[in-house]
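Computed from a predicted model, the values in this text were never measured in an experiment. Quick note on labels: first sequence line is chain A, next is B, and so on, each numbered from 1.
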Protein chains: 2
Amino acid sequence: MPGKSKEVIDLSSTLPEIWRMLSDVERNLLRENARVLNFKKNELIYLEDEIPKDLMCLFKGKVKIYKSGVGGRSQIIRIIRPYMYFGYRAYFAREPYVTAASAFEACTVCMIPMELIETFLRKNGDLAMFFIQMLSVDLGIADQRVVNLTQKHVRGRLAESLIFLKESYGLEEDGATINIYLAREDLASLSNMTTSNAIRTLSNFVNERILAVDGRKIKIIDEERLRKISRIG
Amino acid sequence: MPGKSKEVIDLSSTLPEIWRMLSDVERNLLRENARVLNFKKNELIYLEDEIPKDLMCLFKGKVKIYKSGVGGRSQIIRIIRPYMYFGYRAYFAREPYVTAASAFEACTVCMIPMELIETFLRKNGDLAMFFIQMLSVDLGIADQRVVNLTQKHVRGRLAESLIFLKESYGLEEDGATINIYLAREDLASLSNMTTSNAIRTLSNFVNERILAVDGRKIKIIDEERLRKISRIG
DNA sequence: ATATATTTGTGTTTTAGAACATAGTTCTAT
DNA sequence: ATAGAACTATGTTCTAAAACACAAATATAT
């Protein structure tokens, strides 16, 4: 069970886009209804086929949104970093979740009832546009992803995922190590390949001096080359 | 150049969802700004990298939304049937188009300036929710599509496309012929395979008495089996 | 601390589907 | 009506990536 935190959170700084658009009355309602939950590493946040109830905002940690495909093979659809919103699409579509979400590492998530969000945005054009824009951006990314995952070869797909991880979570103090430690299996599921192929292609990149790998730590040595591999597929 | 039609269109019946949600003043504005254009078969409606300006509603005909991928290989992202809206995602995301649209067959399209739509929905929660819901449904479909196109085999992907075409455009009077005539190349681009493979797999389905094919006419003989192939991949 | 499970790494085999080649057929334009 | 282009069909070859098999290295739990 996820732990319920009772500490006081300053929503004006953690949910700035939404907070800014609300009236005082609405802000009070938000404060009263928002809950903050903690999840342990690998804990499930929501499951496929569940009924969506909350808008979620990741305060701390890393989350993967994934889908189980043909023959149980799972596929990471997107990854969430702090202060990104998630979990609202299915509610708006009036559908159960078609994806699941779980914590890559210990997480803190703010949950806000979707009913509340919907009443807010029905009266607030700016808030409505905020969600419309997020959905539109995500839909564009999904369309792009269809082409990338189906047309690029394994090297291109892995290179792309590594760059994506770097842009999402940034680098450590050394200016080279990607700031997320994934299992090879997750790297594979993000790049639509088998685990063996992720391992093999990663070793190839190391031999070609594009990366340096130490367990789950991945250092980008030659980003230019990595980007080129991603581009040409 | 697409032809500009001067005939009077009854927007209350062609754009019922939007019309219903507007005030009289807004309806007049809509009438004054909506244009109806005709496109010939294979004519381009919009192009990748263009700046999106209009919400489009297909009144007549069939439209494909596609993306050119790695090495010029093009991929159909979705297909539009009458009274579906399209062309608005990129505007909302504040991006140029990342897809192109062209007419499978002669089309009539209603164009409404996006600025107008945005001002409407900023004041109208129901209209905002209408777009939020459309985007949310489409995003769910795109997520599902990523898994289907990457994990299913050619037979599964083609079977799925055929069922999708049937559900989108329906059957002819004989209750079996899919009501759209696509080139094998388009069938391939919809199912993420090469044209040769689309042709070959289609012939296999004919040999297995799942389909009957006469040129571009495709008859579904054994829908149950087709659905099973689509399901198991 | 030690047993058990999970993850990583590598070599080998198999296969689905792309690429290529060629020919027949059906549109389309003048 | 006829030439050229585009589409459809089928056989053959080739290759990327999956599937499988087995160690070795780590992590996790008792």
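Contact of the Glu50(A) side chain with the Tyr97(A) side chain is registered, since non-hydrogen atoms from C-beta on lie closer than 4.5 Å. Between Ser102(A) and Tyr66(A) the shortest side-chain heavy-atom distance falls below 4.5 Å. In this structure the side chain of Val109(B) reaches within 4.5 angstrom of the side chain of Phe39(B), judged on heavy atoms.
Partners of Arg155(A) under the salt bridge (Lys or Arg N to Asp or Glu O under 4.0 Å) rule, at least two apart in sequence or in another chain, are Glu208(A). For Arg89(A), the salt bridge (Lys or Arg N to Asp or Glu O under 4.0 Å) partners at least two apart in sequence or on another chain are Glu95(A). Residues passing the salt bridge (Lys or Arg N to Asp or Glu O under 4.0 Å) test with Arg78(A), sequence neighbours excluded: Asp143(B). For the salt bridge (Lys or Arg N to Asp or Glu O under 4.0 Å) test, residues two or more places apart in sequence or in another chain that qualify with Asp222(B) are Arg225(B).
For the pair Met193(B) CE and dA18(C) C1', the interatomic distance rounds to 12 Å; values are reported in whole Å. Separating the CG atom of Asn42(A) from the P atom of dA5(C) is a distance of 18 Å, rounded to the nearest angstrom. Rounded to whole angstrom, the span from the CD atom of Gln151(B) across to the C1' atom of dA16(C) amounts to 16 Å.
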Close N or O pairs between protein and nucleotides 10-14 of chain C (under 3.5 Å):
unit_1: dG11(C); atom_1: N7; unit_2: Arg200(A); atom_2: NH1; d: 3.2
unit_1: dG11(C); atom_1: O6; unit_2: Arg200(A); atom_2: NH2; d: 3.0

Any N/O pairs under 3.5 Å between the protein and nucleotides 24-30 of chain C? List them or say none.
none

Throw together a table of side-chain donor-acceptor distances under 3.5 angstrom for residues 209-221 of chain A, partners on residues two or more places apart or in other chains.
none

Between side-chain atoms of residues 163-170 of chain B and protein atoms elsewhere (two or more places apart, or another chain), which donor-acceptor pairs fall under 3.5 Å?
unit_1: Lys166(B); atom_1: NZ; unit_2: Glu223(B); atom_2: OE1; d: 3.2
unit_1: Lys166(B); atom_1: NZ; unit_2: Glu223(B); atom_2: OE2; d: 3.1
unit_1: Glu167(B); atom_1: OE2; unit_2: Arg227(B); atom_2: NH2; d: 3.1
unit_1: Ser168(B); atom_1: OG; unit_2: Phe164(B); atom_2: O; d: 2.8
unit_1: Tyr169(B); atom_1: OH; unit_2: Ile80(B); atom_2: O; d: 2.6

Expected list for residues 52-64 of chain B: side-chain donor-acceptor pairs under 3.5 angstrom, two or more places apart:
unit_1: Asp54(B); atom_1: OD1; unit_2: Arg35(B); atom_2: NH2; d: 2.8
unit_1: Asp54(B); atom_1: OD2; unit_2: Arg35(B); atom_2: NH2; d: 2.9
unit_1: Lys62(B); atom_1: NZ; unit_2: Glu105(B); atom_2: OE1; d: 3.4
unit_1: Lys62(B); atom_1: NZ; unit_2: Asn179(B); atom_2: O; d: 3.0
unit_1: Lys64(B); atom_1: NZ; unit_2: Asp186(B); atom_2: OD1; d: 2.9

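Judged purely by atom type and a 3.5 angstrom limit, Thr201(A) uses its side chain to pair as donor or acceptor with the backbone of Asn197(A). Side-chain N or O atoms of Arg184(B) include none that pairs as donor or acceptor with a backbone N or O of Ala198(B) at under 3.5 Å. Using a distance-only test at 3.5 Å, with no hydrogens or angles considered, a donor-acceptor pair links the side chain of Ser191(B) to the main chain of Leu187(B). Proximity of a side-chain donor or acceptor of Gln144(B) to a complementary backbone N or O of Ile141(B) within less than 3.5 Å is not detected.
Checking the phosphate oxygens (OP1, OP2) of dA16(C), no side-chain nitrogen or oxygen of Asn197(B) falls inside 4.0 Å.
Taking CG of Leu158(B) as the start and CD1 of Ile199(B) as the end, the distance is 11.5 Å to the nearest 0.5 Å.
Looking at heavy-atom distances under 4.0 Å, Arg216(B) makes contact with sugar-phosphate atoms alone, never a base.
Protein chain A contacts DNA chain D over a range whose 5' and 3' limits, counting nucleotides with an atom under 4.0 angstrom from a non-hydrogen atom, are dA17(D) to dC20(D).
Between Phe104(A) and Tyr181(A), the gap from one ring centroid to the other reaches at least 6.0 Å.
Taking the screw axis at each terminus of the helix from dA1(C)-dT30(D) to dT30(C)-dA1(D) from five consecutive base pairs, the angle between the two is 60° to within rounding of 10 degrees.
Of the residues in residues 226-233 of chain B, not one comes within less than 4.0 Å of DNA chain D through any heavy atom.
The residue among Val213(A) and Lys152(B) whose nearest nucleotide of DNA chain C is located toward the 5' end is Val213(A).
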